Structure formats: structure tokens, C-alpha cells
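For clarity, every value in this text was computed on a predicted model and none was experimentally measured. Positions are given from 1, in the same order as the sequence printed here.
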Amino acid sequence: MMQSEVIDDILSVEDQAAAIITDAENKAKEMVSQAHEKAAKIIAEKVDAVRAQGKADVESAEAILQQHLAEYEEERERIESADNSVDPGVLERAASRIVDRICRTEYFGE
């Protein structure tokens, strides 16, 4: 009878070992799954933050653009409503500077 008790003990220990292995595998899978979920949540939060910052940057740039356009329009209207006569000397100097710059470009030899 002693042999059967030893065999029963061995089988019982093997069953316990198998249960421990199964439990460890299940816990490992659960830990990996939780880590994956946590990482996915962190990534989603970071993506949302970057997206929100990008949207804010675009809105800021659009506001600056609108401000520049309004200033340009005001200046254009001011110039159009101002006296249209320009000193011929000013025109001559401006034309001369434009010609000088054009002549200094690579298209015209320099």
C-alpha cells in the first residue's frame, strides 16, 4: 500500500504544479493585457493633447492672419483714399532702385 500512497502523492504534486503553471500563465496574460490597455490609454491621451495643441496653433495662426489681412485692408483703403499725387522725384528714385535690383539678379548677369 505504501507504493500507492507515494504514487498518489506524486500525482497530487504534479496536479498542484500544473495548477500553479496554469495560474501563472493566466496572471501573465492578464498583466500583459492590462499593460497593453494602459499603454493604449496613455497614447490616446498624448495624441489628443497633441491634436488639441495643433488645433490651438492653427487657430492662433488664423487669428494672426486675419489681423494682418485687416491691417493690410485698412492700409490699402487709407492709401486709396489719400491724395493720389506722388512726388515725381520719389517715383524716379523708386524706379531706379527697382531697376538696380533687377539688374543685380542672376537673370541679368550678376
Side-chain angles (χ1 to χ4, degrees):
M1 281 271 192
M2 184 119 166
Q3 284 182 338
S4 71
E5 287 178 11
V6 171
I7 292 173
D8 286 343
D9 286 344
I10 292 172
L11 292 175
S12 176
V13 169
E14 286 179 348
D15 288 343
Q16 288 174 356
I20 290 170
I21 290 171
T22 300
D23 186 48
E25 288 173 345
N26 290 336
K27 285 182 181 179
K29 288 177 185 176
E30 183 179 330
M31 289 173 67
V32 168
S33 177
Q34 288 174 352
H36 178 73
E37 288 174 10
K38 184 176 179 180
K41 182 179 178 184
I42 290 170
I43 290 169
E45 289 171 354
K46 296 293 182 184
V47 166
D48 288 344
V50 169
R51 184 177 292 128
Q53 182 61 49
K55 183 178 179 184
D57 290 345
V58 166
E59 289 172 355
S60 175
E62 287 175 344
I64 291 169
L65 175 62
Q66 288 302 320
Q67 179 184 354
H68 286 285
L69 289 174
E71 290 170 0
Y72 167 78
E73 186 62 26
E74 287 175 14
E75 183 66 14
R76 185 188 63 78
E77 289 174 3
R78 186 188 64 76
I79 290 170
E80 286 179 355
S81 66
D83 185 12
N84 288 334
S85 63
V86 178
D87 182 348
V90 172
L91 288 176
E92 183 64 34
R93 286 190 304 274
S96 178
R97 286 195 315 245
I98 292 170
V99 169
D100 285 345
R101 283 191 178 176
I102 291 173
C103 289
R104 281 188 262 146
T105 65
E106 63 185 81
Y107 298 111
F108 293 98
E110 286 190 23

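- Separation of atoms CD1 (Ile7) and CD (Glu14) is listed at 11.0 Å; rounding is to 0.5 Å.
- By the side chain to side chain donor-acceptor pair (under 3.5 Å) test, Lys29 is found to be paired with no residue, residues two or more places apart in sequence or in another chain being considered.
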**Study point:** side chain to side chain donor-acceptor pair (under 3.5 Å) between Gln53 and Asp57, intermediate numbers included
**Key:** CA-CA 6 Å; Gln53 182 61 49; Asp57 290 345; 2.8 Å; yes
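- Side-chain contact annotation: Glu62 with Gln66, donor-acceptor N/O pair under 3.5 Å absent.
- The only option from Glu37, Glu30, Lys38 that meets the side-chain hydrogen bond (donor to acceptor under 3.5 Å, both in side chains) definition with Gln34 turns out to be Glu30.
- The line from CG of Asp8 to CG of Asp15 is 10.5 Å long, rounded to the nearest 0.5 Å.
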Review point. Between Asp48 and Arg51, is a salt bridge (charged side-chain N to carboxylate O under 4.0 Å, His left out) present by the stated rule, with each step listed?
Key: CA-CA 5 Å; Asp48 288 344; Arg51 184 177 292 128; 3.2 Å; yes
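- The distance from the CZ atom of Arg101 to the CD1 atom of Ile98 is 8.5 Å, given to the nearest 0.5 Å.
- A 4.5 Å side-chain heavy-atom check between Val90 and Arg93 finds at least one atom pair inside the cut-off.
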Review point. After noting the C-alpha distance and the side-chain angles of Lys46 and Ile43, does the key distance pass the side chain to side chain contact (heavy atoms under 4.5 Å, CB included) rule?
Key: CA-CA 5 Å; Lys46 296 293 182 184; Ile43 290 169; 5.8 Å; no
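- For the pair Ser96 and Asp100, the minimum side-chain heavy-atom distance is below 4.5 Å.
- Atom CD of Glu92 sits in a sparse spot, with 12 or fewer heavy atoms from other residues, nucleotides or ligands closer than 6.0 Å.
- In this structure, OG in Ser4 is found 10.5 Å from CG in Leu11, a value given to the nearest 0.5 Å.
- Atom CD of Glu74 sits about 11.0 Å away from atom CZ of Arg76, to the nearest 0.5 Å.
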